[in-house]
Protein chains: 2
Amino acid sequence: MGTTKTSHFTEDQNRIAKIAKALGHPARVAIIEYLLKVNTCICSDIVDELPLAQSTISQHLKELKSAGLIKGEIEGASICYCIDEKTFQILKSYFSNVVLTVNNQKCC
Amino acid sequence: MGTTKTSHFTEDQNRIAKIAKALGHPARVAIIEYLLKVNTCICSDIVDELPLAQSTISQHLKELKSAGLIKGEIEGASICYCIDEKTFQILKSYFSNVVLTVNNQKCC
DNA sequence: AATATACATCGTAATATTGCGATGTATTAG
DNA sequence: CTAATACATCGCAATATTACGATGTATATT
């Protein structure tokens with residue numbers, strides 16, 4: 001027990017769940033919002049920005065990257081992280097669709 | 001340790017994180033999609049639909065409700081659950097905004 | 001009143017997440 | 001070559017999540 005029964009759900013449901021899960025932590029939301037604010041790709045600045053240890057930030061970045069929410073590119077000694085637009089587009093479409101569908105139905 | 005440092009982040013970041021976290025499980029995504037499909041509010045049907053025990057479904061519904069993603073209304077002996085449009089509207093707006101902001105910036 | 005239906009909650013086992021310090025690896029600076 | 005900078009990864013402790021069966025509570029049926 002304790003393990004999510006991934007295989008019982010559709011690929012799409014698992015995909016959305018994985019992306020949502022990656023955003024399911026305030027630090028990771030904060031990282032995304034920071035990346036949006038600074039326009040350009042930044043990396044170790046995030047460690048200065050957030051009240052978390054470097055190793056913790058690194059872990060969060062790993063999760064965001066693995067969910068496709070950010071991209072990272074080696075730039076000399078440091079790594080340039082930035083928003084991965086495609087995945088956010090998926091979220092936008094997904095929720096736009098949900099709202100559209102809900103609009104056409106009455107609720108309890 | 002092991003606890004999220006909620007207090008270090010903005011209310012908004014915690015709110016988005018909580019909603020995203022609630023969607024961060026394929027079973028809960030499946031529940032939302034099921035509710036979208038059946039148009040009307042349903043309840044114990046979800047137990048028949050998903051390969052999970054009744055107690056597990058009940059827990060998932062509790063999380064979805066606490067995040068504001070669904071509403072539940074007592075209807076005799078059963079409870080009528082349905083999508084809470086407002087929260088999905090928040091998500092739609094949030095991600096629309098992200099996509100808009102990203103569009104105006106170049107990346108690595 | 002007794003039973004059935006529809007949930008919610010409790011207890012608990014297995015596993016995952018969060019966070020940190022310490023350590024490892026690669027690039028850059030001197 | 002050495003030291004510094006910029007990360008990633010490891011190992012651990014604390015806590016949270018997932019899932020289930022068992023049990024509790026409320027309404028509905030007989």
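First the proteins, then the strands, lettered A, B, ... as listed; each starts at 1.
A heavy-atom distance below 4.5 Å is not found between the side chains of B:L69 and B:I83. Looking at heavy atoms from C-beta onward, A:K37 lies in side-chain contact with A:E49 at the 4.5 angstrom threshold. Between A:K21 and B:H25, the closest side-chain pair of non-hydrogen atoms is not below 4.5 Å.
For the pair B:L61 CG and C:dC7 P, the interatomic distance rounds to 9 Å; values are reported in whole Å. For B:F9 and C:dT18, the CZ to C1' distance is 11 Å, given to the nearest whole Å. Note: NZ (A:K21) to C1' (C:dT15) measures 10 Å, nearest angstrom. One atom, CD1 of A:I31, and another, P of C:dT18, lie 11 Å apart when rounded to the nearest Å. Between B:I57 atom CD1 and D:dA19 atom P there is a gap of 9 Å when expressed in whole angstrom units. Whole-Å rounding puts the B:L52 CG to C:dC7 P distance at 16 Å. The nearest whole Å value for the distance from the NZ atom in A:K62 to the P atom in D:dA6 is 22 Å. Between the CD1 atom of A:I74 and the P atom of C:dA26 there is a distance of 10 Å, given to the nearest Å.
At D:dA19, one or more side-chain N or O atoms of B:H25 fall inside 4.0 Å of OP1 or OP2 (strictly under the cut-off). For A:S44 and D:dC7, the shortest distance from a side-chain N or O to OP1 or OP2 is below 4.0 Å. The shortest distance between the side-chain N/O atoms of B:H60 and the OP1/OP2 oxygens of D:dT17 is not below 4.0 Å. The side chain of A:Y81 contributes an N or O atom lying less than 4.0 Å from OP1 or OP2 of D:dA8. In terms of phosphate contacts, A:T56 brings no side-chain nitrogen or oxygen within less than 4.0 Å of OP1 or OP2 of C:dG19. Between C:dG21 and A:S55, no contact under 4.0 Å exists linking OP1 or OP2 to a side-chain N or O.
When each of A:E63 and B:I79 is assigned the nucleotide of DNA chain C bearing its nearest heavy atom, the one mapping closer to the 5' terminus is B:I79. Checking B:T4 against B:G76, the closest nucleotide of DNA chain D that is more toward the 5' end is the one next to B:T4. Nearer the 5' end of DNA chain C, as judged by each residue's closest nucleotide, is the contact made by A:Q59, out of A:Q54 and A:Q59.
Residue B:I74 is grouped with residue B:I57 when hydrophobic side chains (ILVMFWY) are merged at heavy-atom distances under 4.5 angstrom, including chains of intermediate members. Note on B:L36 and A:L100: separate hydrophobic clusters, where clusters join Ile, Leu, Val, Met, Phe, Trp and Tyr whose side-chain heavy atoms are under 4.5 Å apart, directly or indirectly.
Backbone-only engagement by B:S78 is indicated by non-hydrogen atom pairs under 4.0 Å involving sugar-phosphate atoms exclusively.
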